[in-house]
Trainee: 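Below is the structure I would like to discuss, written out as structure tokens.
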Amino acid sequence: MNALDRRLDVATRLAQQAGQLALSLRPPPGAPVASLKGAQDWLTEADGRVEAFLSEELARAFPEDGFQGEETGSGRAGRLRWVVDPIDGTSNFARGTPRFCVSLGLVEERTALLGVLVAPALGETFAARQGGGATLNGAPIRVASTTDLARGAVECGWSPRRPNAAYFQLVQGVMGAGAMLRAGGSGALGLADVAAGRIDAYMELHINLWDVAAALAILAEAGARLSPFLEGDGLVAGNPILAAAPGVAEALSAISGIGLA
Ligand code: IPD
Ligand code: CA
């Protein structure tokens, strides 16, 4: 087994354990059980616990690798860097909704090498490594063959980091093209849905590395067209993202102004 396959194996096992830990800590439905780091930027007890678990286990398994987590920042340096979002979709998680996941990606400089996304309450594990194809619960996945946005579905992720007016303009463009609009509260799972052909594209005007690190590897292996997220400021300050089925990618790039790689 080569070094990347071994890392994918271990990452899948650890992300699934982390998912079970998150599930055991999920609040019941009701008002959010969480604190706010900023506007609509939620933090739960589980975020810290899951990140600490993954940081410790990865250090044990691959002491030479670096580590960066959403909650603790760049903890360790290394040629290969694990990038963790302990709970993506925290606004869902904090009020008992099943649409959340643990995201574990591995990057080398500006390349996404592998990614695992575990959505424990949905019973779903997305995984991919460079050159090895993308899977959902072990079965191969592929982006949709849609070519007409009027028959398509597009998720527009919202974050408080860009003005609402810019988001409204994006949504107007997507709906104006006749697409069905989605907004599910987890950027990572929205991107994974593109990889699985469940929707045709995911766009967001600004998103952070930990939200997308795992999904980028999965999308590339599933045949998506992508914006160059890891170029420019992406690794440090985040970037806009466009991930789309090839047949609608150019049209959505024109609508959003987000360039394709
Ligand atoms: C957020 C979610 C949301 C996306 C934001 C992210 P969090 O991450 O993925 O869907 O629109 O950009 O920050 O706070 O749930 O980990
Ligand atoms: Ca996130």
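All ligand and atom numbering here is 1-based and tracks the order in the structure. The shown structure was predicted, so the numbers you read here are calculated from the model rather than taken from an experiment.
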Trainee: Report, in ascending order of atom number, the atoms of ligand 1 lying under 4.0 Å from any heavy atom of Ser186.
Mentor: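 Per the distance check, 9 (O), 10 (O).
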Trainee: Check this for me: does any side-chain nitrogen of one of Asp47 and Lys37 sit under 4.0 Å from a carboxylate oxygen of the other?
Mentor: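 Salt bridge absent between Asp47 and Lys37.
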Trainee: Below the 3.5 angstrom mark, is there an N/O of Gly157, backbone or side chain, next to an N/O of ligand 1?
Mentor: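 No, since none of the N or O atoms of Gly157 sits under 3.5 Å from an N or O of ligand 1.
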Trainee: By number and element, which atoms of ligand 1 are closer than 4.0 Å to a non-hydrogen atom of Glu204?
Mentor: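 Counting atoms of ligand 1 from 1, those under 4.0 Å from Glu204 are 4 (C), 5 (C), 11 (O), 12 (O).
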Trainee: What N/O/S atom of Asp85 is the closest to the Ca ion (ligand 2)?
Mentor: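 This residue's closest N, O or S atom turns out to be OD2.
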Trainee: N/O/S of Asp211 less than 3.0 Å from the Ca ion (ligand 2)?
Mentor: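 A backbone or side-chain N, O or S atom of Asp211 is under 3.0 Å from the Ca ion (ligand 2).
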Trainee: Looking at Asn208 and Asp211, would you say the former's side chain and the latter's main chain have a donor-acceptor pair under 3.5 Å?
Mentor: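 Checking the backbone N and O of Asp211 against the side chain of Asn208, no donor-acceptor pair under 3.5 Å is found.
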Trainee: Considering the heavy atoms of Ser159, write down every atom of ligand 1 situated less than 4.0 Å from one of them.
Mentor: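 Within the 4.0 Å cut-off of Ser159, ligand 1 contributes 12 (O).
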Trainee: Need the ligand 1 atom indices (1-based, order shown) with element for anything under 4.0 Å from a heavy-atom of Gly185.
Mentor: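 Checking each atom against Gly185, I get 2 (C), 3 (C), 10 (O).
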Trainee: What part of Trp158 sits under 4.0 Å from ligand 1 if we count only heavy atoms: the side chain, the backbone, both or neither?
Mentor: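 Answer for Trp158: backbone.
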Trainee: Between the main-chain N or O of Leu252 and the side-chain N or O of Ser256, is there a donor-acceptor pair closer than 3.5 Å?
Mentor: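 Yes: the side chain of Ser256 pairs with the backbone of Leu252.
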Trainee: Are Thr111 and Gln130 linked by a side-chain donor-acceptor pair shorter than 3.5 Å?
Mentor: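 On atom types as modelled, these side chains do not qualify, holding no pair under 3.5 Å.
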Trainee: Mind running salt bridge (charged side-chain N to carboxylate O under 4.0 Å, His left out) on Glu124 and Arg198 for me, showing each step along the way?
Mentor: CA-CA 14 Å; Glu124 295 193 328; Arg198 291 168 166 173; 2.5 Å; yes
Trainee: Return yes or no for this condition: an N or O of Asp88 is under 3.5 Å from an N or O of ligand 1.
Mentor: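 Checking ligand 1 against Asp88, an N or O pair does fall under 3.5 Å apart.
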Trainee: Got Pro86 and Arg49 here, is their nearest side-chain heavy-atom distance under 4.5 Å?
Mentor: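 Of all side-chain heavy-atom pairs linking Arg49 with Pro86, none is under 4.5 Å.
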Trainee: Regarding ligand 1, does Ala188 bring an N or O atom to under 3.5 Å of one of the ligand's N or O atoms?
Mentor: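 N/O-N/O distance below 3.5 Å does not exist for this pair.
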Trainee: Heavy-atom contacts with Glu70 under 4.0 Å: which atoms of ligand 1 show up? List them by number with element.
Mentor: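 Ligand 1 atoms under the 4.0 Å threshold to Glu70: 16 (O).
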Trainee: Considering heavy atoms of the protein only, find what lies nearest to atom 16 (O) of ligand 1 and give residue, atom and distance to 0.1 Å.
Mentor: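 The answer is Ile87 O, 3.1 Å.
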Trainee: Looking at Asp88, which of its N, O or S atoms is the nearest one to the Ca ion (ligand 2)?
Mentor: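 For Asp88, the N/O/S atom sitting closest to the Ca ion (ligand 2) is OD1.
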Trainee: Taking atom types as modelled, is there a side-chain donor on Trp210 or Asp88 under 3.5 Å from an acceptor on the other?
Mentor: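 The criterion, which ignores hydrogens and geometry beyond distance, is not satisfied for Asp88 and Trp210.
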Trainee: Mark up the atoms of ligand 1 that fall under 4.0 Å of a heavy atom belonging to Asp85, in ascending order.
Mentor: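 Taking each heavy atom of Asp85 in turn, ligand 1 has 16 (O) under 4.0 Å.
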Trainee: Distance to the ring centre below 6.0 angstrom and angle to the axis at most 45 degrees; does that hold for Arg26 and Phe100?
Mentor: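 No, a cation-pi geometry is absent between Arg26 and Phe100.
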Trainee: Tell me if the CZ atom of Arg6 is crowded by more than 12 foreign heavy atoms within 6.0 Å.
Mentor: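 Not more than 12 within 6.0 Å, no.
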Trainee: Under 4.0 Å from a heavy atom of Gly89: give me the atoms of ligand 1 that qualify, with their elements.
Mentor: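 Every atom of ligand 1 under 4.0 Å from some heavy atom of Gly89: 7 (P), 15 (O).
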Trainee: Below 3.5 Å, N or O to N or O, backbone or side chain included: is there any such pair between Thr90 and ligand 1?
Mentor: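 Yes; the residue has a nitrogen or oxygen that sits under 3.5 Å from a nitrogen or oxygen of the ligand.
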Trainee: So do the side chains of Ile207 and Phe229 get within less than 4.5 Å of each other, counting heavy atoms only?
Mentor: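 Yes. Closest side-chain heavy atoms under 4.5 Å.
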Trainee: Where do Ile258 and Ser227 come nearest, in terms of heavy atoms and distance?
Mentor: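 Taking Ile258 first and Ser227 second, the nearest heavy atoms are CG2-CB, 3.7 Å.
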Trainee: Flag Ile207 as yes when one of its N or O atoms lies below 3.5 Å from any N or O atom of ligand 1, and as no otherwise.
Mentor: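 Among all N and O atoms of Ile207, none is under 3.5 Å from an N or O of ligand 1.
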